[in-house]
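Presented below is the structure to which this report refers.
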Amino acid sequence: MTSPYQFAHDAYAARLRQSFDHLAPGEESGEVVRVAGRVMLLRTQGRLTFATLRDSSGEVQLFCLEAATEGYEAFTRLHLGDWVGAVGEVVRTQRGELSVKVATWAVLAEARRTFGEKWAGITDVELRYRHREADLWANETTRASLRRRSDVVRALREHCWAQGFVEVETPILNAVPTGAAARPFVTFHNALDSEFFLRIAPELWLKRLVVGGFERVFELGRVFRNEGVSPRHNPEFTMLELYAAYWDYADMMRFTEELVAGAVAAVLGTTELVYQGRAVSFATPWARRPMAELVSEALGEEVTVRTPRATLAALLAERGVEVADAWGAGRCVLELFEHLCEGDLWAPTFVTDYPVEVSPLARRHRDDPELTERFEAFVTGRELANGFSELNDPVEQRARFEDQARLAAAGEDETMSIDEDYIASLEWGLPPTAGLGVGVDRLAMIVADAANIREVIAFPTLKPRREG
RNA sequence: GCGCCGGUAGCUCAAUUGGCAGAGCAUUUGACUCUUAAUCAACAGGUUCCGGGUUCAAGUCCCGGCCGGCGCACCA
């Protein structure tokens, strides 16, 4: 018997449960349906057999009688995990379980491997990540986490569309890895005889589209950073980046809190949730706190980017942070923030007014030339989003890139490369613009209550298994 | 990259001080006309992650390696 190419199915488990809720135990509906899914459990009792069938919506029982089911004997020999299509009347058994009383049925595909212990499922994390398909069938929480991720992505995209943003796609293969400070993955194009880098951010391309007249653009896509793997970092991850002409960073903060709170509400039905046992409210507006203010509070003494570098360096050294020679006062303030404040920002908070030194693409603050109009959104102690009024002066942008080059020369690992094409694009004129980047995996983690980023990535990056 | 912890049957887990490597589920065979992780009976199932070493004897102790988890570092 060849395996079927098709099965015309017209019913889902969840909908059957709703539609036939009224059936009393022992009652037969008279209605014939065609269901399909995997056999999750099988209970044979001589001349009658019960199977639990699971489809994408849920589970429903199949009820087979030797006298009423074609090929009954073969049905009793099904394996857990086999894909089955069944045709039969919707009934409720004497014991009250809604069932499809199978008249005819077909194996759609065999499962030649098992899906783990039927109660404990699969717990081996390595097996779960390397064979997510098995994990998905074995574990409800995996299905829920990946489903929530999908819902988050949908909500973000729909919010952007609704606000008039145009979705675009920009190159992943880049001759210059730029738009962020991170080590790239390197690859090679044979015909062009050139080295390429997988993008670390789409930022500069997107702003070039704004120069070209797309006033509101967004890209929802994968970026790649050649850095350590951790429960919060996957080498490839998903970022939402968007740019809006004529906005400044205050406009963008308002947009960001609506975007994120809206996505949380769209998925969970509320802006209130519990992450890892601790309540978080995404209700807007979120707190806005200048970085220097937060650092000063944590230190118990007033510091700013104008505090002498030596003083800041001493404060860092006291806390066991190794201070590099190349760091100026601005970088020191940022380091103090990261060590003293970041982890405590549990409720959504915009940290604003980053030092110029650590923000090479952000526009100078209108009230303080040592700062930029930049913010980062923190929640559950982690960075979730980063945005700013975009630097649109090509002369200053070149100078900022040159500062980065000096840092690189001084031994800093991760600096931003000069992108001449980008400077050229600024010379054509970038209107006042605000930009935003949101870590989609991080947001999915919060919504799925996942402690590990791999739980919201279908196929997380793992070290390849070595054969032999 | 560094540190700590882990890896036993297809899956979930046991194995005392170093003393014959076991159970449940799944698989295979049989019984059973209302089951719900069905139940009952029987059979079978092993490179204890890999490679060395110590020992009369190693899943267990020692060394090296592989893979994973967590922490640190780096970042979002």
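This is a predicted model, so every value here is computed, not measured. Below, chain A is the first sequence line, B the second, and so on; all start at residue 1.
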> Within this structure, what is the CG-to-C1' distance between A:Asp441 and B:A76, rounded to whole angstrom?
Replying inline: 9 Å
>> Using a 4.0 Å heavy-atom cut-off, does A:Asp124 contact any base of the nucleic acid, only the sugar-phosphate backbone, or nothing at all?
In response: sugar-phosphate
> Which nucleotide, in any strand shown, forms a Watson-Crick or G-U wobble pair with B:C56, with both distances under 3.5 Å?
Replying inline: B:G19
> Which base sits across from B:U39 as a Watson-Crick or G-U pair, both distances under 3.5 Å?
Replying inline: B:A31
>> Work out how far the C1' atom of B:U12 is from that of B:U16, and round it to whole angstrom.
In response: 23 Å
> Taking atom C1' of B:G68 as reference, at what distance in whole Å does atom OH of A:Tyr129 sit?
Replying inline: 10 Å
> A:Gly121 near the nucleic acid: base, sugar-phosphate alone, or nothing, with a heavy-atom cut-off under 4.0 Å?
Replying inline: sugar-phosphate
> Looking at A:Arg132 and A:Asp135, does any basic side-chain N land under 4.0 Å from a carboxylate oxygen?
Replying inline: yes
>> If I pick the C1' atom on B:U33 and the same atom on B:U28, what distance separates them, to the nearest angstrom?
In response: 25 Å
> In this structure, which one of A:Arg149, A:Arg128, A:Arg148 forms a salt bridge (charged side-chain N to carboxylate O under 4.0 Å, His left out) with A:Glu455?
Replying inline: A:Arg128
> Is any side-chain N or O of A:Thr123 closer than 4.0 Å to OP1 or OP2 of B:U12?
Replying inline: yes
>> Within the 4.0 Å heavy-atom criterion, would you say A:Pro231 contacts the bases, only the backbone, or no part of the nucleic acid?
In response: sugar-phosphate
> Is there a Watson-Crick or G-U wobble partner for B:U48 with both distances under 3.5 Å, and if so, which one is it?
Replying inline: none
> Who is the Watson-Crick or G-U wobble partner of B:A14, with both distances under 3.5 Å?
Replying inline: none
> A:Phe115 near the nucleic acid: base, sugar-phosphate alone, or nothing, with a heavy-atom cut-off under 4.0 Å?
Replying inline: nothing
> Looking at the side chain of A:Ile122, which of B:A76, B:C34, B:U12 is the nearest nucleotide?
Replying inline: B:U12
Can you give the donor-acceptor pairs under 3.5 Å from side chains of residues 110-121 of chain A to other protein atoms, not counting sequence neighbours?
residue  : atom : partner  : partner atom : Å
A:Glu117 : OE1  : A:Trp119 : N            : 2.8
A:Glu117 : OE1  : A:Ala120 : N            : 2.6

> What nucleotide among B:G69, B:C72, B:G24 has an atom nearest to a side-chain atom of A:Arg232?
Replying inline: B:C72
> Rounding to a whole Å, what distance do you find between A:Trp119:CH2 and B:A23:P?
Replying inline: 23 Å
> What interatomic distance, in whole Å, is found between C1' of B:U48 and the corresponding atom of B:C43?
Replying inline: 24 Å
> With a 4.0 Å cut-off on heavy atoms, is A:Arg130 in touch with a base, just the backbone sugar-phosphate, or nothing at all?
Replying inline: sugar-phosphate
> When the C1' atoms of B:A41 and B:U36 are considered, how many whole Å apart are they?
Replying inline: 22 Å
> What nucleic acid atoms does A:Gly439 come within less than 4.0 Å of, heavy atoms only: base, sugar-phosphate, or nothing?
Replying inline: nothing
> So which one's nearest nucleotide on RNA chain B is more toward 5', A:Asn452 or A:Pro235?
Replying inline: A:Asn452
> Short question: side chain of A:Thr352, backbone of A:Phe375 - any donor-acceptor pair under 3.5 Å?
Replying inline: no
> Contact class for A:Arg47 (heavy atom, under 4.0 Å): base, sugar-phosphate, or nothing?
Replying inline: base
> Atom CD of A:Glu140 to atom P of B:A37: distance rounded to whole Å?
Replying inline: 16 Å
>> Could you identify the nucleotide paired to B:C2, looking across every strand shown and requiring Watson-Crick or G-U wobble geometry with both distances under 3.5 Å?
In response: B:G71
> Is the aromatic ring of A:Phe237 within stacking range of B:A76, meaning centres under 5.5 angstrom and planes under 30 degrees?
Replying inline: yes
>> Tell me whether A:Glu236 is salt-bridged to A:Arg222, with the criterion being a basic N under 4.0 Å from an acidic carboxylate O.
In response: yes
> Rounding to a whole Å, what distance do you find between A:Gln45:CD and B:U33:P?
Replying inline: 7 Å
> When rounded to the nearest Å, what value does the distance between C1' atoms of B:G18 and B:U60 take?
Replying inline: 6 Å
> For RNA chain B, whose closest nucleotide is more 5', that of A:Asn234 or that of A:Ala451?
Replying inline: A:Ala451
>> Using 30° and 60° as the class boundaries, would you call the ring planes of A:Phe50 and A:Phe63 parallel, tilted or perpendicular?
In response: parallel
> Rounded to the nearest Å, what distance is computed from the CG atom of residue A:Leu41 to the C1' atom of nucleotide B:A26?
Replying inline: 12 Å
> If you look at every strand shown and take non-hydrogen atoms under 4.0 Å, does A:Arg454 touch a base, only sugar-phosphate, or nothing?
Replying inline: sugar-phosphate
> Going through the checks in order, is the ring pair (Phe, Tyr, Trp, His ring centres under 6.0 Å) test met by A:Phe378 and A:Phe337?
Replying inline: CA-CA 12 Å; A:Phe378 290 86; A:Phe337 167 75; 5.3 Å; yes
> Would one find a side-chain N or O of A:Lys118 under 4.0 angstrom from OP1 or OP2 of B:A26?
Replying inline: yes
> Over how many whole Å does the gap from A:Leu48 atom CG to B:C34 atom P extend?
Replying inline: 6 Å
>> What's the closest nucleotide to the side chain of A:Lys463 if the choices are B:G68, B:C25, B:U33?
In response: B:G68
>> As a test of reading the structure: which of B:U27, B:C34, B:C25 is closest to the side chain of A:Phe63, going by heavy atoms?
In response: B:C34
> CZ of A:Arg92 versus P of B:U36: gap in Å, rounded?
Replying inline: 17 Å
> Say you pick atom C1' in B:C67 and the same atom in B:A31; how far apart are they, in whole Å?
Replying inline: 45 Å
> Mind checking the P distance from B:G1 to B:G65? Whole angstroms is fine.
Replying inline: 12 Å
> Looking across every strand, which nucleic acid part, if any, lies under 4.0 Å from A:Gln61 by heavy atom: base, sugar-phosphate, or nothing?
Replying inline: base
> Can you name the one residue among A:Phe165, A:Phe255, A:Phe218 that meets side-chain contact (heavy atoms from CB on, under 4.5 Å) with A:His159?
Replying inline: A:Phe255
> Is A:Thr44 touching bases, backbone alone, or none of the nucleic acid, heavy atoms closer than 4.0 Å?
Replying inline: base
> Which part of the nucleic acid, if any, lies within contact of A:Gln94, taking any heavy atom under 4.0 Å across all strands shown: a base, the sugar-phosphate backbone alone, or nothing?
Replying inline: base
> So which nucleotide from B:G69, B:U27, B:U33 ends up closest to the side chain of A:His79?
Replying inline: B:U27
